[in-house]
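Before any comments, here is the structure.
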Amino acid sequence: MSSKSLKNLTAPLSGQNPVIVQILGICSALAVTVQLKPAIVMGLSVMVVTAFSNLVMSLLRNGVPARIRIIVQLVVIASLVILVDQVLKAFVYDVSKQLSVYVGLIITNCIVMGRVEAFALGNKPWDSFLDGIGNGLGYAMILVIIAFFRELLGSGCLLGFRLIPESWYIAEGGFYSNCGIMLFPPMALILVGCIIWAHRSFNKDLQEK
Amino acid sequence: MAKFNTNSNTYIIIYSVVMVVIVAVLLSLAALGLKSRQDANILNEKKTQIVKALGYDPATVLYDDVVAEAALLDAEGKTANDDVTKVFEALQDVKGSYAAGSFPIFKAKDGSVVVPLYGNGLWGPIWGYIALDTDMSTVKGVVFDHSGETPGLGAEITTAKHQAQYVGKSVYEGDDLVGVILKKGGADKSNPHEVDAITGGTKTSDGVTAMIHTSLNYYKPYFDAVRAAQNAAEGVVSNELNTENNEQ
């Protein structure tokens with residue numbers, strides 16, 4: 001793997017992160033981060049879809065009529081998502097139930113179409129594939145960070161395992177109470193803001209003059 | 001791109017037609033090829049949920065071990081059809097069956113019954129099963145499921161912790177079928193018709209309350225008939241006969 005290809009994979013993790021730098025895919029970052037598990041599964045699913053839609057569109061890029069390229073992209077992305085959904089339903093029904101609406105939500109994820117339009121249409125298949133993986137990972141990473149704080153502070157659990165003992169809670173005679181606002185979408189937005197703040201203070205080149 | 005003009009109308013039309021045909025064939029093949037596996041999964045899941053509602057562990061107890069009979073009741077509570085395949089077909093579309101006046105019921109070997117529930121949560125449909133003991137009032141267990149409630153909030157109705165609250169509650173108050181009410185701010189522990197609502201999931205909780213009430217009332221004629229038979233039997237015969245009566 002050349003260093004240029006590797007850069008396609010690693011740039012989206014920080015300097016070109018789709019969520020906190022390009023501000024794409026915020027909607028689902030708010031919706032699926034109440035708990036860690038759906039966030040991880042959603043991150044992985046998006047990664048698969050960005051990687052393969054980038055690959056397919058990059059293979060097709062020279063033949064796609066420019067005037068209907070957005071429609072072609074949508075068809076490719078939607079078909080991939082439906083295929084993934086069908087396969088999950090047939091072979092891992094439990095996971096499919098866990099994902100429920102999120103599978104369908106991938107189609108509407110701005111990152112997928114954003115990367116196809118911005119990268120795959122102008123680059124070779126392998127680079128596009130890596131770019132898709134990288135962006136999926138960058139997205140998943142932010143989702144996991146947000147979900148970590150929301151689940152821990154909002155329900156006192158991580159991945160469903162209780163970390164804060166029941167006996168600490170006020171209802172059981174203790175002193176502790178979950179932070180209810182963590183369970184609501186606005187808190188996810190505030191957390192995204194905090195991550196962007198922290199990220200930019202470490203990466204001075206991202207700061208606007 | 002010397003060969004084609006990729007922006008000509010002819011090219012665009014041919015391109016779209018070919019693309020749509022390829023995608024349609026691909027997706028149809030996938031759907032057809034995987035359908036039998038998906039249906040088997042769905043049927044298996046329904047049986048598992050019925051077993052779970054009755055309070056057994058689906059990992060060790062099979063549907064056939066505990067359920068004696070599956071039937072479709074009519075609006076008067078009489079058995080209209082007892083073909084098992086038809087009953088499971090009705091479960092695929094509980095809402096439609098209710099509307100058509102056809103009510104699936106599962107009678108367990110121990111005399112308790114399981115009926116499906118169907119209602120609306122905040123974002124979409126919610127459904128489940130409720131198992132009632134031989135007196136047609138005491139809840140033996142519930143199972144809930146949903147299509148799109150918020151994880152951590154409304155979706156908490158699917159957790160064992162929430163569902164365990166229903167066990168031992170009564171759905172009858174005298175002769176009124178009141179169901180089980182999800183009480184916001186915490187249930188009164190001594191009230192046999194109340195359980196705690198989900199914090200932050202008030203709309204979903206209200207949906208569950210309405211779902212239990214509406215769905216169970218479709219079966220009220222049947223429950224009433226069983227209860228009347230029990231009351232009549234209680235006066236004259238021993239407990240043994242009473243149990244036998246329930247099973248009919």
- Mind checking the CG-CG spacing from A:Leu83 to B:Leu26? Nearest 0.5 Å is all I need.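 That separation rounds to 5.5 Å.
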- Task: Could you tell me the separation between the CG atom of B:Leu153 and the CD atom of A:Gln35, rounded to the nearest 0.5 Å?
- Result: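 Those atoms lie 8.5 Å apart.
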- Message: Tell me if a side-chain donor or acceptor on A:Tyr93 pairs with a main-chain N or O of B:Asn44 at a distance below 3.5 Å.
- Response: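 Not a single qualifying donor-acceptor pair exists.
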- Message: Please check: side-chain N/O of A:Gln86 versus main-chain N/O of B:Leu34, any donor-acceptor pairing under 3.5 Å?
- Response: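 Not confirmed, A:Gln86 side chain does not pair with B:Leu34 backbone.
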Return yes when atom [atom1] of [X] has more than 12 non-hydrogen atoms of other residues, nucleotides or ligands closer than 6.0 Å, and no otherwise.
{"X": "B:Lys203", "atom1": "NZ", "result": "no"}
{"X": "B:Phe88", "atom1": "CZ", "result": "yes"}
{"X": "B:Lys47", "atom1": "NZ", "result": "yes"}
{"X": "B:Lys52", "atom1": "NZ", "result": "no"}
{"X": "A:Phe175", "atom1": "CZ", "result": "yes"}

- Message: In the structure I gave you, are the side-chain heavy atoms of A:Val64 and B:Met19 within less than 4.5 Å of one another anywhere?
- Response: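 Heavy-atom side-chain distance check fails, nothing below 4.5 Å.
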Which atoms form the tightest heavy-atom contact between [X] and [Y], and what is the distance?
{"X": "B:Asn41", "Y": "A:Ala90", "answer": "ND2-O, 3.1 Å"}
{"X": "B:Leu27", "Y": "A:Ser79", "answer": "CD2-O, 3.8 Å"}
{"X": "B:Tyr15", "Y": "A:Gly63", "answer": "CE1-O, 3.3 Å"}

- Message: Heavy-atom pairs under 4.5 Å with chain A: which of B:Val23, B:Val20, B:Asp39 has the most?
- Response: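 It is B:Val23.
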- Structural part of A:Val76 lying under 4.5 Å from a heavy atom of chain B: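 Neither the backbone nor the side chain of A:Val76 comes within 4.5 Å of chain B.
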- Task: Just do the side chain to side chain contact (heavy atoms under 4.5 Å, CB included) check on B:Arg37 and A:Val87 with the steps written out, would you?
- Result: CA-CA 10 Å; B:Arg37 277 192 92 102; A:Val87 169; over 6 Å; no
